[in-house]
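Reviewing the structure listed below.
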Amino acid sequence: MLQCRHLIKDYITGDGFVRAINDLSVNFRDNEFVSILGPSGCGKTTLLNIIGGLDNYTSGDLIINGKSTKKYTDKDWDTYRNHRIGFVFQSYNLIMHQSVLSNVELALTLTGVSKEERRKRALEALEKVGLKDQVDKKPTQMSGGQMQRVAIARAIVNNPDILLADEPTGALDSKTSVQIMDLLKEIAKDRLVIMVTHNPELAQTYSTRIIKLKDGQIISDSDPADQEDEKDDKTAMKKPSMSFWTAFQLSLNNLMTKKARTFLTAFAGSIGIIGIGLIMSLSNGVQNYINSVENDTMASYPISIEDNSLDMSVLMSAMMDMDKEEGKEPGDTIRSKNFANKIIQSISQTETNNLSAFKTYLESSEGKEFQDLAKAIEYKYNTNVLVYNDQALSENSLVQVSPNGLMDRLGMGSMMQMRSQFMPSDINGGNEVWLPLPKSKTLLDEEYDVVDGRMPSKYNEVVLEVDQNNEITDYALYSLGLMDQDELVKNYEDIVNGKTKELQAGENVSYTKEELLNKTFKLVLNPSLYEKKNGVWVDQSENEEALKKIVANGEDIHIVGIVKPKEKTVNSQSMGGIYYDPSLIDYINEKNNSFEIVKEQKAHKDINVFTGQAFSDSSFSIDDLSDEQKMMLAQLSESELMEYMSTMNANTNASYDSNLLKLGVFDPNTPSSINIYASSFEDKETLGDMITQYNELQEVEGKDENVISYNDMIGVMLSGVSDVINMISYVLIGFVSVSLIVSSIMIGIITYISVLERKKEIGILRAMGASKKDVSHVFNAETFIIGLISGLFGILFTIVLNIPISLIVEHFTQVEHIASLPWQGGLFLVLINLALTMLAGLIPARMASKKDPVEALRSE
Ligand code: ADP
Ligand code: MG
């Protein structure tokens, strides 16, 4: 039994209130067909809405099965509507973008009935109203009578106790009206039907009871029901709730009816994504490129440890910080500022590395992990390989090939010396054209291709290096004596002296491979340049005749092959030159050690063999000589005396070590540099860590002097580049994010418009028992769909745009796939876009859920 007790409903209006229901009390039996008649505006709809739980009463009480509803929560009302009430409206209120079947099923989806059950029951209800064969139609394709049948089917599908019909035939012709009334009468057989109508005849014919209303009060009741005591209603009702999937389908169907708009919205929303996606793609591509350069090239650059390494960073910062000194104000006085001193100071911080200790470590069992991980470990020695070309294309047909004499002849020798002092030897490359091949077979194979002939297999065999195009620089050819050095030197001097204004570029020469393979050079052992005269060893190389004789006695060195650097190697920008087998220096060292002069020097470490004097830093003075020596000098001829003096002067600042170097002797245990090659960039990093470990070990053992320092200049440079790229990317992404936010807000606005458009649907959903939350779910689902589509669109466009961008970049730089979106980035963008659009859609969705269902239903 349903009871209204002193119900009052006031509507607040602009100036006061309208009392739509005025102290109305009435009882309804569980099974009757009640018609409510009354003039327009008398409160019929209001009463129906209150009974149906769509609208709240102002005061009084609605008692359902003996239970007051005064304390009903929103949820209780939702449940009540969903389980107990079926609504039929004058204007049908079907959801136009859903099929007939889906419209009917909707009420059941809120109840959480399984899909098959839902379908079965919806079909049953549609069969009852005679529409079994029209289930797949859209409401728009139906007549008014048919639509009203659908509405009735929807109202009864949940098998409610009460069916409320507000002028169900109001919009129908009389013939159709009769059919609908028959249907309602049929339905009223086993439940309470309350129908509002304007038509007294229909009411008379079909209903069992007629109530007349006027000004919100009952003025007549044909069959009032007595109040009867009823037991409390114990049947628990399941709370209705919409699954996300239902909300999703509702929104998807809605969006499908407006494909063009959905597409445009999603496209507009995707623009921000495209922007960020492209930036991500590019910076990712560039980063990948840098990484691949690091891996390919940087890995082939070894970790290079020099016996004394100048910390370039100290030098650089010394120069950079020049202007940052404190207390910088132009005072009254003119002051000096440190520049030269600072640089010298930073040079003085040169680190000396104990490479002999490190070499011992590397070759011991403790250093085995180095041996295992490194691709190769190469030792270089401070040595002096003396090589001449005695068939050179110059006037006296003699050219010093190694150490390269060309720069000296051009007067640039000291400049070159400076350069090699400041730069790590690997970067410098040097001005030498007579260079060692790597000892490691792996490195050899990796770095060079044999063009002709073969690789050297003995100390007296060398190869000639050409570049990718079989070219050698004229610099190398002049230095090797294969082009006329005299000519170059003369041209240079003419220019310096202003004799010639323009220098003709030398004519290009070419050789057959056979010609080059037949060339030989002369290896001269350094000690053989000196001859003992008057107790000191005198350099013969200044004397052309003597030198020629010495060179002629030298050993032949043969070119046995022509090589070119592999395309990937670092040194592919080669000047060209001769590469010798590393066994050559061991051979030279061994031979040199057998010379008298070397033995003498080694036997008397504090006496300079070239002067017979103790090593000293001060310049030579006759006063330092013993009487005996002075006597000897007196017997010399003038030219011999000159020679003696110049030897003496040349040996100022000499030391035991510098003399050994001059004599081409080195200690195989003391390399001048150690190059550790890695197979990959990661290995290189691990090797770096291992050196750090070695250093820690030395410190722990108190051997601080063994600690090793080295510069990884290229690594530092490259990491700087990636930092810059990252920074630029972040700034750009920051800018483009604004458009992402703008597009999210736009999607929020469009959702809001959608809320306005779907007001009716909100009302219908609420009438069927959907909670506020369910309604907001529907709109959240809509923003979810749009957000997802726009995100995927954005990614798709980005991927498509990346193709031409990559092609253009490839065209100009030969770097492939520069624009490639990492999948993590793409996923991140889709998710962030989804989050942003859903955030922007939250407000409209909340607004939708707050909509008054009665008002929503009234709207057209
Ligand atoms: P009926 O259905 O009998 O034509 P209603 O129940 O729709 O009448 O309306 C009853 C009275 O309440 C009318 O005077 C109407 O103007 C007023 N009314 C209905 N809804 C509102 C509302 N939301 N705000 C203000 N007044 C309303
Ligand atoms: Mg009405």
Side-chain angles (χ1 to χ4, degrees), residues 2 4-26 28 33-60 62 74 77 81 85-94 144 147-148 151-152 155 162-172 177 180-181 184 193-203 206-207 209-222 755-756 759-760 762-764 766-767 772 775 847-860:
L2 195 67
C4 298
R5 288 217 189 129
H6 306 289
L7 271 184
I8 291 180
K9 174 69 187 179
D10 292 333
Y11 284 113
I12 312 293
T13 55
D15 40 288
F17 61 88
V18 177
R19 181 149 291 184
I21 301 290
N22 190 2
D23 193 22
L24 185 148
S25 295
V26 67
F28 296 103
F33 190 166
V34 183
S35 286
I36 298 179
L37 292 170
S40 178
C42 71
K44 305 181 295 290
T45 302
T46 308
L47 181 62
L48 224 52
N49 285 344
I50 289 175
I51 291 172
L54 264 183
D55 212 347
N56 295 320
Y57 45 87
T58 311
S59 69
L62 178 72
D74 280 357
W77 284 119
R81 281 199 307 281
I85 303 289
F87 271 107
V88 176
F89 306 91
Q90 180 183 350
S91 53
Y92 329 124
N93 283 344
L94 299 175
M147 282 199 270
Q148 196 59 293
I152 292 171
I162 305 163
L163 185 88
L164 302 173
D166 194 351
E167 299 186 35
T169 59
L172 301 175
S177 295
I180 295 294
M181 289 309 291
L184 286 177
V193 173
I194 306 175
M195 176 184 76
V196 168
T197 179
H198 273 313
N199 191 331
E201 281 153 47
L202 283 181
Y206 288 95
S207 53
R209 178 181 174 189
I210 296 176
I211 295 173
K212 286 188 178 153
L213 278 192
K214 194 168 181 249
D215 295 336
Q217 286 178 314
I218 296 177
I219 52 169
S220 83
D221 187 341
S222 69
V755 169
L756 296 181
K759 219 166 159 184
K760 192 74 165 265
I762 297 171
I764 298 165
R766 292 302 303 278
K772 292 178 176 178
V775 171
M847 284 168 61
S849 71
K850 288 241 173 86
K851 282 241 171 315
D852 180 5
V854 178
E855 206 184 308
L857 280 172
R858 275 182 207 268
S859 68
E860 263 321 309

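Ligands are counted one by one from 1 in listed order, and the atoms in each one are counted from 1 as well.
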Audit row: Asp55, Tyr11, side chain to side chain donor-acceptor pair (under 3.5 Å) steps and yes/no: CA-CA 11 Å; Asp55 212 347; Tyr11 284 113; 3.0 Å; yes
Under 3.5 Å: N/O of Cys42 near N/O of ligand 1: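 Between Cys42 and ligand 1 (N or O atoms, distance only) the closest approach is under 3.5 Å.
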Ser222 (side chain) donor-acceptor with Arg209 (main chain) under 3.5 angstrom: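 Side chain of Ser222 to backbone of Arg209: no pair is present.
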Backbone of Ser177 reached by a side-chain donor or acceptor of Thr169 within 3.5 Å: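 Absent.
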Region of Thr13 engaging ligand 1 - heavy atom pairs below 4.0 Å: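 The side chain, only.
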Separation between CG of Leu48 and CG of Leu54, rounded to the nearest 0.5 Å: 9.0 Å
Donor-acceptor pair between Asp10 and Thr58 side chains, under 3.5 angstrom: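 No pair is found: no donor N or O on one side chain lies under 3.5 Å from an acceptor on the other.
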Nearest protein heavy-atom contact for [atom]: which residue, which atom, what distance?
{"atom": "atom 2 (O) of ligand 1", "result": "Thr45 OG1, 2.6 Å"}
{"atom": "atom 6 (O) of ligand 1", "result": "Thr46 OG1, 2.5 Å"}
{"atom": "atom 14 (O) of ligand 1", "result": "Gly41 O, 3.8 Å"}
{"atom": "atom 19 (C) of ligand 1", "result": "Tyr11 CE1, 3.3 Å"}
{"atom": "atom 7 (O) of ligand 1", "result": "Arg858 NH1, 3.5 Å"}
{"atom": "atom 15 (C) of ligand 1", "result": "Val18 CG1, 4.9 Å"}
{"atom": "atom 12 (O) of ligand 1", "result": "Ala20 CB, 3.4 Å"}

For Ile219, side chain to side chain contact (heavy atoms under 4.5 Å, CB included) partners two or more places apart: Lys212, Lys214
Sequence neighbours excluded, every pair satisfying salt bridge (Lys or Arg N to Asp or Glu O under 4.0 Å) that has a member inside residues 36-53: none
Sub-4.0 Å heavy-atom approach of Ser40 to ligand 1: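 True for this residue.
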Is any side-chain heavy atom of [X] closer than 4.5 Å to a side-chain heavy atom of [Y]?
{"X": "Arg766", "Y": "Lys772", "answer": "yes"}
{"X": "Glu167", "Y": "Val196", "answer": "yes"}
{"X": "Arg5", "Y": "Tyr57", "answer": "no"}

Total protein N, O or S atoms, the Mg ion (ligand 2), separation less than 2.8 Å: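 Excluding waters, the total comes to 1.
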Pairing residues for Phe89 by the ring-ring contact (aromatic ring centres under 6.0 Å, His included) criterion, not counting sequence neighbours: Phe87
